[in-house]
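In what follows, a single structure is set out as structure tokens and then discussed.
By convention in this document, chain letters (A, B, ...) are assigned in the order of the sequence lines, proteins followed by strands, and residues within each chain are numbered from 1.
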2 protein chains.
Amino acid sequence: MNDELLQVLRRAPQERADAARNRSRVLEAADRLFAEGGVAALTVDAVAQEAGVGKGTVFRRFGDKSGLVSALLDQRERELQEAVVFGAPPLGPGAPARERARAFFDAYLTYLADHLDLVGLSETASPGARFRVGAYVFWHRHLALLCADRPDPDHLAHVLLGMAAADLNTELLAQGVGWDRIRAGVASAVDALVDPSCSP
Amino acid sequence: MNDELLQVLRRAPQERADAARNRSRVLEAADRLFAEGGVAALTVDAVAQEAGVGKGTVFRRFGDKSGLVSALLDQRERELQEAVVFGAPPLGPGAPARERARAFFDAYLTYLADHLDLVGLSETASPGARFRVGAYVFWHRHLALLCADRPDPDHLAHVLLGMAAADLNTELLAQGVGWDRIRAGVASAVDALVDPSCSP
DNA sequence: TAGACAAGCGGACTTTGGTCCGCTTATGCT
DNA sequence: AGCATAAGCGGACCAAAGTCCGCTTGTCTA
């Protein structure tokens with residue numbers, strides 16, 4: 001009876017044991033390949049072979065390459081997500097919107113600097129992938145809430161997140177713009193775009 | 001003698017007659033294919049075949065698919081570029097920075113609305129292609145000049161151009177956000193980010 | 001006009017993401 | 001335990017971008 005209720009509550013009703021085993025096998029294989037050969041070694045065929053599964057299995061589990069890479073990043077990103085929802089201010093709730101936004105971008109840029117190539121892969125793998133990744137939707141909601149008193153928080157949140165796009169920052173780095181300068185520019189734009197008063 | 005001087009002045013010293021002929025053949029073929037079958041019909045193989053040249057020739061002339069599509073867009077974009085440099089204010093020189101920036105985005109969004117899929121293709125075809133297209137560099141310079149009194153005009157110009165990214169606006173349209181709302185959001189962000197006083 | 005040489009050409013080949021479909025197997029029910 | 005069934009599996013197959021290299025051809029000079 002209880003089990004029944006629990007099962008109804010879950011979105012994905014169940015995942016077969018072999019499916020779950022393969023999921024983690026694939027993720028571990030991808031991690032290993034990336035650790036050894038960087039982003040260039042992360043071809044779907046190679047991951048499938050290293051995991052000892054068929055290529056179709058990888059696509060079945062993760063949808064596309066972007067999904068696979070996103071899953072790889074998921075764990076680290078989740079840490080930041082929790083800090084935003086449950087953590088102490090200014091990252092977590094309690095501080096004024098502008099400060100929270102600044103703290104978010106500060107933390108996110110640190111995360112991005114550490115995983116730039118993987119994030120780039122996950123955002124670039126297929127056109128528009130960026131916006132479909134779960135994390136993007138999450139950050140977007142977060143920022144839109146912080147801008148709730150603006151005329152179009154939804155659009156503004158997209159604009160703000162544009163500053164964190166991997167391809168932009170990859171390009172900036174390639175042009176010799178360092179992370180410190182990027183941070184300063186982002187902070188300045190956040191100040192101009194996010195109202196300091198609102199504090200949800 | 002004069003010819004010699006002229007030849008020194010050109011960047012690309014010369015283009016062989018057959019090369020030039022093939023360039024226009026390829027562009028015409030691409031135009032035709034796009035007119036008939038939209039963006040889906042624009043594969044490099046198809047373009048090469050339609051133009052009656054080898055695939056290698058297409059890549060030799062245009063570098064990659066992104067370059068080919070950019071060349072297709074070049075003509076229409078050039079119109080806007082000239083209006084920005086030589087045209088009447090507020091798009092052309094003479095108006096205050098903020099108004100020029102607003103006028104630019106207004107004009108660019110019109111252009112984008114008309115060619116969204118082609119622009120999307122040119123920006124997406126290869127990762128980072130967006131920033132390498134000649135037009136991007138041009139717009140970037142333009143906006144950076146308009147923000148010359150800001151702490152980091154270069155970075156700010158990139159942020160501003162992020163609002164015009166094809167993939168973002170494609171996503172917004174897919175989410176049901178119309179062009180009018182996009183325009184309003186962009187205008188509002190421009191107002192917040194571009195200093196009204198500066199007028200180069 | 002002839003000859004040298006760089007620029008150009010073409011299409012077979014490689015790489016890689018993604019699809020498809022017939023076979024296998026875990027799971028839940030009786 | 002045995003069965004029905006849907007989920008899962010694998011790898012052959014496809015599409016499309018981009019590379020390579022031996023052959024061709026325009027162009028410049030003598």
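Atom pair Asn22(B):CG and dG26(D):C1' shows a separation of 12 Å (rounding to whole Å applied). Residue Arg61(B) contributes atom CZ, which lies 11 Å from atom P of dG10(C) at whole-angstrom precision. When rounded to the nearest whole Å, the span between CZ of Phe62(B) and C1' of dC9(C) equals 15 Å. As rounded to whole Å, 12 Å separates atom C1' of dG11(D) from atom CD of Gln49(A).
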With a 3.5 Å cut-off and sequence neighbours excluded, list the donor-acceptor pairs that the side chains of residues 128-137 of chain A form with protein atoms.
residue	atom	partner	partner atom	Å
Arg130(A)	NH2	Leu161(A)	O	3.0
Arg132(A)	NH2	Pro127(A)	O	2.9
Arg132(A)	NH2	Gly128(A)	O	3.4
Tyr136(A)	OH	His158(A)	ND1	2.7

Can you list, pair by pair, the side-chain donor-acceptor contacts under 3.5 Å of residues 78-95 of chain A, counting residues two or more places apart and other chains?
residue	atom	partner	partner atom	Å
Arg78(A)	NH2	Asp74(A)	OD2	2.3

Determine all donor-acceptor pairs shorter than 3.5 Å in which one atom belongs to a side chain in residues 109-117 of chain B; sequence neighbours excluded.
residue	atom	partner	partner atom	Å
Thr110(B)	OG1	Asp106(B)	O	3.1
Thr110(B)	OG1	Arg183(B)	NH2	2.5
Tyr111(B)	OH	Glu77(B)	OE1	3.0

Quiz item: Can you give one letter per nucleotide of nucleotides 16-29 of chain C, going 5' to 3': B for a protein heavy atom under 4.0 Å from the base, S for sugar-phosphate only, - for none?
Solution: -BBB-----BSS--
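Relative ring orientation between Trp139(A) and Tyr108(A) is described as perpendicular, the plane-to-plane angle rising above 60° on a 0-90° scale split at 30° and 60°.
An OP1 or OP2 oxygen of dG10(C) is reached within less than 4.0 angstrom by a side-chain nitrogen or oxygen of Thr57(B).
For Arg25(A), the side chain to side chain donor-acceptor pair (under 3.5 Å) criterion is met by no residue, not counting sequence neighbours.
The backbone N or O of His140(B) lies less than 3.5 Å from no partner atom in the side chain of Asp154(B), so there is not a single donor-acceptor pair. Here the side chain of Ser66(B) pairs a donor or acceptor atom with the backbone of Ser122(B) at under 3.5 angstrom. A donor-acceptor pair is defined here as one N or O able to donate and one able to accept, closer than 3.5 Å; no such pair exists between the side chain of Lys65(B) and the backbone of Leu121(B).
Each end of the helix from dT1(C)-dA30(D) to dT30(C)-dA1(D) gets its own rotation axis from five pairs of C1' atoms, and the angle between them is 10° to the nearest 10 degrees.
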